Each structure stands twice: as C-alpha cells, then as structure tokens.
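As structure tokens, the structure follows; a few thoughts come after it.
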Amino acid sequence: MNTKEVIAQYDKYVMSTYGRIPTVIVRGKGLKVWDLDGNEYLDFFPGWAVTGLGHCHPKVVNAVRSYLKKIIHVSNNYYNMLQGKLAQKIIENSFEGKVFFCNSGAEANEGAIKLARSYGNASGARYEIITMENSFHGRTLATITATSQPKYQKGFEPLPLGFKYVTFNDIKAVENAITDKTIAIMLEPIQGEGGINVASEGYIKALRVLCDKKDLILIFDEVQTGVGRTGKMFCFEHYGITPDIMTLAKALGGGLPIGAMVASKKFADILKPGMHASTFGGSPIACSAALAVFEAIKKEKLLSNTVRMGEYLLEKLNK
Ligand SMILES: Cc1ncc(COP(=O)(O)O)c(C=O)c1O
C-alpha cells in the first residue's frame, strides 16, 4: 500500500475524530521516525508527551519482547508477576500509598474522581470537585466536565454534575468556591493543553494547607508532567509537598498504553473489590514496559539530562 491508499482506507473505515497530517509513520528509533515514502524526520512531537524515552527504547523493546513469550494477558482475577513490582516502583519514587492501574490518562482521572466521590459521599454527601480554567483531564464524559474548556464539552450535554471551575494560580478563587459539598481540588501542576501555565510554589503550598484544613483531597493530574518530563520523576517534587492522589499515563509505558492512579495511604483503601476495575489494567506487558522506563530513567541519568536539555532549549529558543 502507498500513502494515498492508506489514507483512503482510513477515510472509509476509521472515524474522523482527528485532523491528521497526511504522513504514514512506519518506523521509529530514538529521536527519528520514517514514513512510508522513506522520508526521515527528527521527531519534535513525541506523540502527545508519550515517547519521553524516544522511539523504541531498547530497554522497553527487550522487556516487552521477553515477556510476550511468557504470557500476554493475565486477568485481574489473578495476580501477575509485574503489577505489584511496578506499583512498588511508583510508590518508592513518589509517596506512601497504593496504585490502581488502567490504560489511559482519562481513565486514571476517572478513577481519581470516583475515589474522591466515594470518600466524600461516605463523609457527608460531599461530591463537588473544583478544577481549573484552561485545564485538560481527558475525553470521557466525567473528564471533559473536569476539563474547564467549553470546546471539549459542547454537544455532549447533559454533563455530569458536581464540577466547579476557578482561575488557575488564584488561591482566593479556590477558597471562595469551596462549599460544604466540596470534596476535592484537581489540577495539572503545569497546564499542558491550556498553554504551558506553571502553578506557582506559593499557590501549590497554599492548596495543600487548604486541603488539610478542610479535609479535601488534592488531586494532581500528572498525566503530562509525570515520569521525568520536568526534570524530576514527578512534578509535585518541585513544590515540596505531596498530593493525595496523582494520576499518570502517557510516558509511563514508553509507548505502550498504561495509566495509573496513585493514592496516598489515607485514601489507598477507599475503593474496595467490585467498586472499580479495568480489564487490561496492569497487564504484564504494559507493566514490563513501564518498569523498563523507570530503569532507563535511572540508569541513563535521564532526569539530569532533562534539566540540561531543558535549559539549553530555553536559552536557544529565547535567542
Ligand atoms: C493533563 C492530561 N490529563 C489527561 C489526559 C488524557 O489522557 P489520555 O488521552 O491518555 O486519556 C491528557 C491528554 O492529553 C492530559 O494532557
């Protein structure tokens, strides 16, 4: 098949939910990708923040390949060898608690929303979640509602109840929005889709104090900022506080789909058997890839490299 034929096949059989560049990518290695016509590209767009290690990182490829020969799917009715290991790795690199595995960022955020509501409803009909203007949390019904951008919500009404929006980086706005129905505050520490807006240290610290004072759950959506992207393993580390819940996806699987919802000790056992699930969540193949990502970040000192490259790019781009 040539490029034209592949595109024609998409046009006929694939729902047109994306505005695609008319290029068929067939191969990737490190910083480079190749298209069906043999053109080579330097990939400045690592798949919506997924390919943090570059394409087909050898550690990820080898880990996945060797596990594929053993078993591909293990249902969550059983245990597999890697899910607990990956959870331990995430916890050891973040804060004390437990992990729920799923397949995407939206799904991780859905899990966080459900956990928050479950805790809130049990402690006095508290279900409202405050999120930020210009946020982005995913494309499911609950997460487009958490996403305070009308363009993602329009046409999909009625939206789920219980979300309130405030200006980002404005602690007074949050304080004013809290009612006796509020259970959580959810935000990206650096807004991605909203335009690379960085939460100030004072703001995050004040949010932590506010949540402690009012028994509210502080949810960090680290789907974009997590797994080394900001020069720390997780962005919350820049602020000297820990969130109560952190959601991850994107770069976590080195290109394979995996999502995770990490809850601190206090909230780690709210969701009981039967309350939440995901068929493919924490599959050994996805976990093998994510474990290889952690290993690569550590062994290849990629966090310090991220800082160095970030400074270099900033300086040159500013010039
Ligand atoms: C901050 C943030 N949260 C959640 C999501 C949704 O992730 P997914 O597309 O894996 O559902 C995204 C995707 O761009 C995101 O940037």
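Whatever order the structure lists them in is the order used to number ligands and atoms, beginning at 1. What you see is a predicted model, and the numbers here were worked out from it, not measured in a lab.
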For the residue pair Phe236 and Phe234, categorise the inter-ring angle as parallel (less than 30°), tilted (30 to 60°) or perpendicular (more than 60°).
parallel
Where at least one partner belongs to residues 139-158, residue pairs that pass ring pair (Phe, Tyr, Trp, His ring centres under 6.0 Å), sequence neighbours excluded:
Phe136-Tyr152
Salt bridge check, Glu315 against Lys319: does any charged N sit closer than 4.0 Å to a carboxylate O?
yes
At less than 4.0 angstrom from any atom of ligand 1, which residues have a non-hydrogen atom? List them by chain and residue number.
Ser104, Gly105, Ala106, Asn109, Phe136, His137, Gly138, Glu188, Asp221, Val223, Gln224, Lys250
Is any side-chain N of the basic residue among Lys265 and Asp244 closer than 4.0 Å to the acidic one's carboxylate O?
no
State whether a side-chain donor-acceptor pair under 3.5 Å links Thr23 with Asp35.
no
Going by the angle between their ring planes, with limits at 30° and 60°, are Tyr203 and Phe168 parallel, tilted or perpendicular?
perpendicular
